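What follows is a short report on a single structure.
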Amino acid sequence: MRLYNSLTHTKDEFVTHFPGVVTMYTCGPTVYHFAHIGNLRTYIMEDVLEKYLRFSGYQVRRAMNITDVGHLTSDADTGEDKMLKGAKREHKTVMEIAAFYTDAFFRDCGKLRIGIPGTVVPATSYIPQFIEMISVLLEKGYAYEANGNVYFDTSKLKEYYVFNKQNEEDLAVGVREGVEEDLSKRNKCDFVLWFTKSKFEDQELKWDSPWGVGYPGWHIECSAISVNTLGEYLDLHCGGIDNAFPHHTNEIAQSEAYLGHPWCRQWFHVLHLNTNDGKMSKSKGEFLTVDLLEKKGYDPLVYRFFCLLSHYRKALVFSWEGLDNAKVSYDKLVSRIAGWSRDGKPNLAEADPYLAAFRDAMDNDLNTAMAITALFDVAKAKVDDATRRWLVGQMDSVLSLGLLEAADRVSTAADKDGAEAAPAAEKDAFDLEIEQAIAERAAAKKARDFARADEIRAALAAKGVTLTDTPQGTTYTRN
Ligand code: AMP
Ligand code: ZN
């Protein structure tokens, strides 16, 4: 497989440190508000990447952080602390906000069939690991204390701007609008590892540390969580393109200074989803969420399909018209599949060239648009229905568009309209577990215990189960 690597700026042959095993780290959400569908574009593409690596035979060990403490990088930050801002907006504590929006994030992931990484670590649960890493950076002379804070000293590195060799001035100034100068820093790119003093004195969450009571800077969380959960050699690090600088640049600085050797060799960055009037942002008035898509009558999987129609390394403009076009195409595919017989055995030899076309597309820097063309080619293929269904199942184990289930729903509905109803699909133990959880959730809702009801929904979402509430009751789909 060839994958574009932001470090080398070329499509490199994908390699792993240990044969057959991929260690993969994902920058998780900052849980002060709902994720917008731009954030979710990044998570969809990362999910497809993970599923394709598994499809290709790798074992994937994947970890993700949840940014539930601060989001500050320097005392010059003029923006508010996002978590604190969320807490003030909703008259809740920071931890309540974090719990609520973490659940909301997992719920959205469930609806979009984004698998949850095997290891998920809230930053607040890793404070001792952050302190340990910062202590080593101080010992090794890569960090210094000034005015109550601990800073990373970027002048100690051979190379700091690892992703782009752009003009240093542009980068340093252009990172964020309205950046003031932090007079405690020795170099303008230095960043805070641990705060004990900042102008955000009203921080709710603080911890004791060798440098006084305070809280970590943003970048340290991903370095420490990654090294502690996935080990010293990381194969693949993912995130949205905005994270390349300064966040990932600073992660590399910290991790390599701490470890004393190169850390992560492949960096996967997803370009942004924008609207016609520019960048999508949580701080803009009406921002686009999965809930909003559903309210407008779209199946979230149509949005996933919309994302997969474009390459992850191209900025994507969202429009309702674009989503409608994706829906027409998705529905067409589903109704073609619904017309195929569900009987018979696949002919794997005949299936082979179609699966090879799918692999070729995905092996070429995760070209999901070409992979979807390969999927449509199956619909036109001169092979029997059982082979076609098998091929769709194979491809959809990576793309996760729920195609066979959607098609079965369509054909079951058609059968009901017709003479005789199709036999119900056989239930397994997991179906029974889900049904039990749904009943428990209904009881919680009846008792107006909405927190418990949300908890049950989130727990199911984490297992890849999406619930849909209808006037007739709650239905579900499995990942
Ligand atoms: P945040 O919750 O702000 O920490 O962001 C979560 C993820 O979404 C990160 O990987 C970001 O790089 C990514 N991201 C932020 N904005 C967008 C966007 N408009 N399109 C795609 N990904 C984004
Ligand atoms: Zn990160």
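Note that the structure is a prediction, hence the values are computed from the model and not measured. Whatever order the structure lists ligands and atoms in, that order sets their numbers, starting from 1.
Per residue Glu251, closest N, O or S atom to the Zn ion (ligand 2): atom name OE2.
For ligand 1, the polar-atom distance check finds an N/O of Asn39 within less than 3.5 Å of one of the ligand's N/O atoms. Between Gly240 and ligand 1, at least one pair of N/O atoms sits closer than 3.5 Å. Residue Thr30 has at least one N or O atom closer than 3.5 Å to an N or O atom of ligand 1.
A heavy-atom separation below 4.0 Å is found between Asp242 and ligand 1. Residue contact annotation: Leu273 has a non-hydrogen atom under 4.0 Å from ligand 1.
Counting the atoms of ligand 1 from 1 in the order shown, those under 4.0 Å from a heavy atom of His36 are 16 (N), 17 (C), 18 (C), 19 (N). Residue contact check: Pro29 has heavy atoms under 4.0 Å from atoms 2 (O) of ligand 1.
Annotation: cation-pi geometry satisfied between Arg186 and Tyr144 (NZ/CZ under 6.0 angstrom from ring centroid, within 45° of ring axis). Seen from the ring of Phe100, Lys92 counts as a face-on cation partner, given the 6.0 Å and 45° thresholds.
Asp12 and Tyr4 form no side-chain donor-acceptor contact under 3.5 Å, judged by distance and modelled atom types alone. Between His272 and Asp242, the side chains place a donor N or O and an acceptor N or O closer than 3.5 Å (distance only, hydrogens not considered).
Of the listed residues (Leu271, Thr42, Leu316, Asn243), the one carrying the non-hydrogen atom nearest atom 9 (C) of ligand 1 is Asn243.
No close placement of the Trp194 and Phe152 rings is indicated, their centers lying 6.0 Å or farther apart. The aromatic ring centres of Phe318 and Phe306 sit less than 6.0 Å apart. A ring-centre distance under 6.0 Å is not found for Phe268 and His237.
Among Asp235, Thr229, Thr119, Leu230, the single residue meeting the side chain to side chain contact (heavy atoms under 4.5 Å, CB included) criterion with Arg61 is Leu230.
The Zn ion (ligand 2) has an N, O or S atom of Cys222 inside 2.8 Å of it.
Computed with the Zn ion (ligand 2) at the centre, the Cys27 SG to His247 NE2 angle is 120°, stated to 10 degrees.
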